[in-house]
There are 2 protein chains.
Amino acid sequence: MTRWLNVGEQAVWRVFLESHQMFFDQIGRELQQESGMPHTYYEVLVRLSEAPGRRLRMSELADRSQSSRSRLSHAVSRLEESGWVRREACPSDARGAEAVLTDEGFAALEAAAPGHVESVRRHLFDPLSPEQVRQLGEISRVLSDHLRAAGGTPHDCS
Amino acid sequence: MTRWLNVGEQAVWRVFLESHQMFFDQIGRELQQESGMPHTYYEVLVRLSEAPGRRLRMSELADRSQSSRSRLSHAVSRLEESGWVRREACPSDARGAEAVLTDEGFAALEAAAPGHVESVRRHLFDPLSPEQVRQLGEISRVLSDHLRAAGGTPHDCS
DNA sequence: ACCCGATCGTTGAACCCTCAACTGTAGTGG
DNA sequence: CCACTACAGTTGAGGGTTCAACGATCGGGT
């Protein structure tokens, strides 16, 4: 019954697993060491910095940063303690909350960005050929489209 | 100074990040729900099951499962509580310990495998063309070779 | 006006991972 | 034989994530 992986698929799966593990561990460790924040929190700050008024509803922010609502709620609590984000009540919906990027948060992001971009470049774009970068983009697009269709929203789905 | 990402690189990086996050969240969640173990632990059981005598030195096991020594130590402790692995003293080196896969552990792995393989197939191999699978393997190989050269062993490096 | 299901967001417990510090043993040079 | 460094593995604290449960509000149907 089970459609087992053949030898070639096995090999691809294993090296894929290995490279992702190594890559994200490395990227995350470098960001943590240089800027004192996990990659997830960096993503949150980025999405906020791009939003008009540097503010977003919690659930919009969760969607844009591929985070569950719960994870984001914890993350924003932590980021509030660092003084990088603050919560504000949402005027149009009494249930809602908005996360607002503070000036300190924006400064922290500006300080973290160059080193992080350099990490990504060194470990991802430099070793790959332009053609491989293109392929990786296309592969990623197919996978995330497929997952979005099959899995609904990232987490907390029905 | 900073070599910022151009528009195309930005787009590739973001969709890559997104697909990675969604994919591993999905795979991990399915494995956790169906078999009650995180993907990391599954990997540990797999490596043990492939070793002669279904046993390996802790640090060899750590290397093969892309894990830090610390992580593996915690993981094996947890797996011992489940009765899936046991520790034995290493005869040739009094510092060392061996992790041994128990029959219950092997059975748990056999029970988990079909569902996990199915997840991987559904979310990775099915949506990609054979050519894309080949490309993904090659890209992954380049990245992990590069990281191994630049970063030393996975974690706990000097 | 009222109910009721859906949505927004939070909380706490359990779990996993990281990091740094630590124990104990191996191997090596004097 | 004695340091002394290097190695194997563990431990505990701190922090991030998940999951399920919860309080609160919204909005449509009656």
Atom pair distance, as rounded to whole Å: [atom1] in [X] and [atom2] in [N]:
| X | N | atom1 | atom2 | answer |
| --- | --- | --- | --- | --- |
| B:Asp25 | C:dC16 | CG | C1' | 14 Å |
| B:Arg95 | D:dC7 | CZ | C1' | 5 Å |
| A:Glu98 | C:dC8 | CD | C1' | 13 Å |
| A:Leu61 | C:dC8 | CG | P | 14 Å |
| B:Leu72 | C:dC16 | CG | P | 14 Å |
| A:Glu81 | D:dG14 | CD | P | 14 Å |
| B:Leu56 | D:dG9 | CG | P | 11 Å |
| B:Ile27 | D:dT18 | CD1 | P | 15 Å |

What orientation do A:His39 and B:Trp13 show, parallel under 30°, tilted 30 to 60°, or perpendicular over 60°?
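Perpendicular: the ring planes of A:His39 and B:Trp13 meet at over 60°.
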
Choosing from [options], which nucleotide comes nearest the side chain of [X]?
| X | options | value |
| --- | --- | --- |
| A:Pro38 | D:dT11, D:dG16, C:dT25 | D:dG16 |
| B:Ser73 | D:dT10, D:dT25, D:dG9 | D:dT10 |
| B:Arg87 | C:dC19, D:dT10, C:dT10 | D:dT10 |

Is it the case that the base of C:dT11 and the side chain of A:Ser70 share a donor-acceptor contact (distance under 3.5 Å, atom types as modelled)?
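Result: at least one qualifying N/O pair found.
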
For B:Glu18, which of A:Arg64, A:Arg141, A:Arg148 qualifies under side chain to side chain donor-acceptor pair (under 3.5 Å)?
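It is A:Arg148; the other options fail the test.
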
Of A:Met58 and A:Gln33, whose closest DNA chain C nucleotide lies nearer the 5' terminus?
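Going by which nucleotide is closer to the 5' end, it is A:Met58.
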
If you assign A:Ser92 and A:His74 each to the DNA chain D nucleotide with the nearest heavy atom, which residue ends up on the more 5' nucleotide?
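Per heavy-atom nearest nucleotide, the more 5' residue is A:His74.
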
Starting at the 5' end of DNA chain D, which residue's closest nucleotide do you reach first, A:Asp93 or A:Thr40?
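By nearest-heavy-atom nucleotide position, the 5'-most residue is A:Thr40.
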
Please check if the distance between the ring centroids of A:His74 and A:Tyr41 is under 6.0 Å.
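Not under 6.0 Å, so no.
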
Determine whether the aromatic ring centres of A:Phe24 and B:Phe23 lie less than 6.0 Å apart.
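No - the distance between ring centres of A:Phe24 and B:Phe23 does not fall below the 6.0 Å cut-off.
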
Just N and O in the side chain of [X]: are any of them under 4.0 Å from OP1 or OP2 of [N]?
| X | N | result |
| --- | --- | --- |
| A:Ser68 | D:dT18 | yes |
| B:Arg78 | C:dC15 | yes |
| A:Arg69 | C:dC8 | yes |
| B:Arg71 | C:dT18 | yes |
| A:Ser59 | C:dG9 | yes |

So, are A:Glu88 and A:Arg55 salt-bridged, with charged N and O less than 4.0 Å apart?
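A salt bridge is present here (some side-chain N lies under 4.0 Å from a carboxylate O).
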
